[in-house]
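For reference, the structure discussed in these notes is given below.
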Number of protein chains: 2
Amino acid sequence: MTTQPATGYDLAQRFGKSISNAWHAGHSQIYPELARLQEAGMVEVVSEGARRSRTYAVTDGGREELRRWMTETEAARTQRSETGVRWFLLAVIEPEDRRIALEQELAFMRLEAERLQATADALDALPGRHPFRATVDLGLRVNAVMTDWLGEQHEAVALDRR
Amino acid sequence: MTTQPATGYDLAQRFGKSISNAWHAGHSQIYPELARLQEAGMVEVVSEGARRSRTYAVTDGGREELRRWMTETEAARTQRSETGVRWFLLAVIEPEDRRIALEQELAFMRLEAERLQATADALDALPGRHPFRATVDLGLRVNAVMTDWLGEQHEAVALDRR
DNA sequence: GCCATCATGTAATTAGTTACATGATTAG
DNA sequence: CTAATCATGTAACTAATTACATGATGGC
């Protein structure tokens, strides 16, 4: 929405794609939040379309608040990732179970890499350099490191079983 | 607690260290949860110490439930990381603000690397190979990739300004 | 004796998820 | 005409955070 106006529905779709690796929100959270942001003057309705859809855009006030948040506030570094917890706990289960869990995680990471590559290709096909291209590239690099690690763990279990 | 018994207080400390990169929980969430797990037969009190502390251990039932969860359930892949959101949004702010934000993130990532290295060294100093050593290693590798990326972005801003 | 840290809890609030609900438009 | 998708909302519930609260022990 910061780069271009969007409807609540658009945002919900986007949380299932581009930004989903960092945050997720369902439509039932998005709509009330948009109303709240509008109330606070951070966003405004720029057009109303078919199916009673409203397209929101960030206001100058909203952009200033974003700038202030990015440069002047301390980031909350707490995270929550079930995937991370699972990888952490790989160490405490039996090798046979670990092998099963590792294969699931490897399959997921490979799908994830495909999805990221598809996003990268789609962004590259657009005219000009898309602002989010760099972040997608980071995702690909991190994915590669993680996939390597999972592969090593998997190999270690195999050696263990000999 | 899966590797060795611990008190609620221990767990709270641990969420501030080893596992904090994947999940976080405060003591006000931990104590009621321990009571709930005990009720469900997943953990049991193995000893009571000074200052009315209770040390919990995972039961066979709890271990079996963990095994089942790790191997038989579909992982929830939704994540939430404010750091991730900030990096994503780096693309939409002005170069001057981006420079400021990037420097904050670089500083944080470097601290994070130190913290991880210290954890790795501490685990290596223990007799035998600690089960969580591999996960810490993953953290270090991911951190390195992320720090590189932040550095590149920072360089790009500098070039932009010439 | 007193301060830091260990150790545990509960209450109030806010954030987030899941379920329920409805209507409009478009493609086949 | 009908099924899929677009589009928006609310209600009920669960998870998580913040604030409030208390007491024990050990080191100085």
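From a predicted model like this one, the values you see are computed outputs, not experimental measurements. Note on naming: letters A, B, ... go to the chains in the order of the sequence lines (proteins, then strands), and numbering restarts at 1 for each one.
Nearer the 5' end of DNA chain C, as judged by each residue's closest nucleotide, is the contact made by T55(B), out of T78(B) and T55(B). Comparing A50(B) and A50(A), the nucleotide of DNA chain C nearest to each residue sits closer to the 5' end for A50(B).
T147(B) and R110(B) share no side-chain donor-acceptor pair at under 3.5 Å. A donor and an acceptor atom, one from each side chain of T83(A) and R77(B), are located under 3.5 Å apart.
In this model, a side-chain donor or acceptor of H27(B) finds a partner on the base of dG9(C) within 3.5 Å. With hydrogens and angles left out, the side chain of S28(B) and the base of dT8(C) share no donor-acceptor pair within 3.5 Å.
At least one side-chain nitrogen or oxygen of Q29(B) sits closer than 4.0 Å to the OP1 or OP2 atom of dT17(D). The phosphate of dG16(C) (OP1 or OP2) has a side-chain N or O of R80(B) nearer than 4.0 angstrom. Considering only side-chain N and O atoms, Y31(B) lies under 4.0 angstrom from the phosphate OP1 or OP2 of dT8(C). At dA15(C), none of the side-chain N or O atoms of R36(A) fall inside 4.0 Å of OP1 or OP2 (strictly under the cut-off).
Nucleotide dT22(C) holds its C1' atom 7 Å from the CZ atom of R52(A), rounded to whole Å. To the nearest angstrom, C1' of dT17(C) lies 14 Å from CD of E82(A). Following rounding to the nearest Å, R51(A) (CZ) and dA24(C) (P) show an atom-to-atom distance of 11 Å. Between the P atom of dG9(D) and the CG atom of L34(A) lies a distance of 9 Å, rounded to the nearest Å. Distance Y56(A) OH to dG9(D) C1': 11 Å, rounded to the nearest Å. One can place CD of E33(B) at 13 Å from P of dT14(D), the figure rounded to the nearest angstrom. As a whole-Å value, the separation of E48(B) CD from dA7(C) P is 13 Å. If you take OH of Y9(B) and P of dC6(C), they are 3 Å apart, rounded to a whole angstrom.
Counting heavy atoms from C-beta on, the side chains of R86(A) and T73(B) come closer than 4.5 Å. At least one side-chain heavy atom of M70(B) sits under 4.5 Å from a side-chain heavy atom of L89(A).
The pair E48(B)-R52(B) fails the salt-bridge criterion, with no side-chain N (NZ, NE, NH1 or NH2) lying under 4.0 Å from an Asp/Glu carboxylate O.
Taking only side-chain atoms of R54(A), from C-beta outward, the nucleotide of dT17(C), dG9(D), dT8(C) with the closest atom is dG9(D). Listed candidates were dT10(D), dT8(C), dT8(D). Nearest to the side chain of S53(B) is dT8(C). Comparing atom distances between the W23(B) side chain and each of dA16(D), dA7(C), dT8(D) picks out dA16(D) as nearest.
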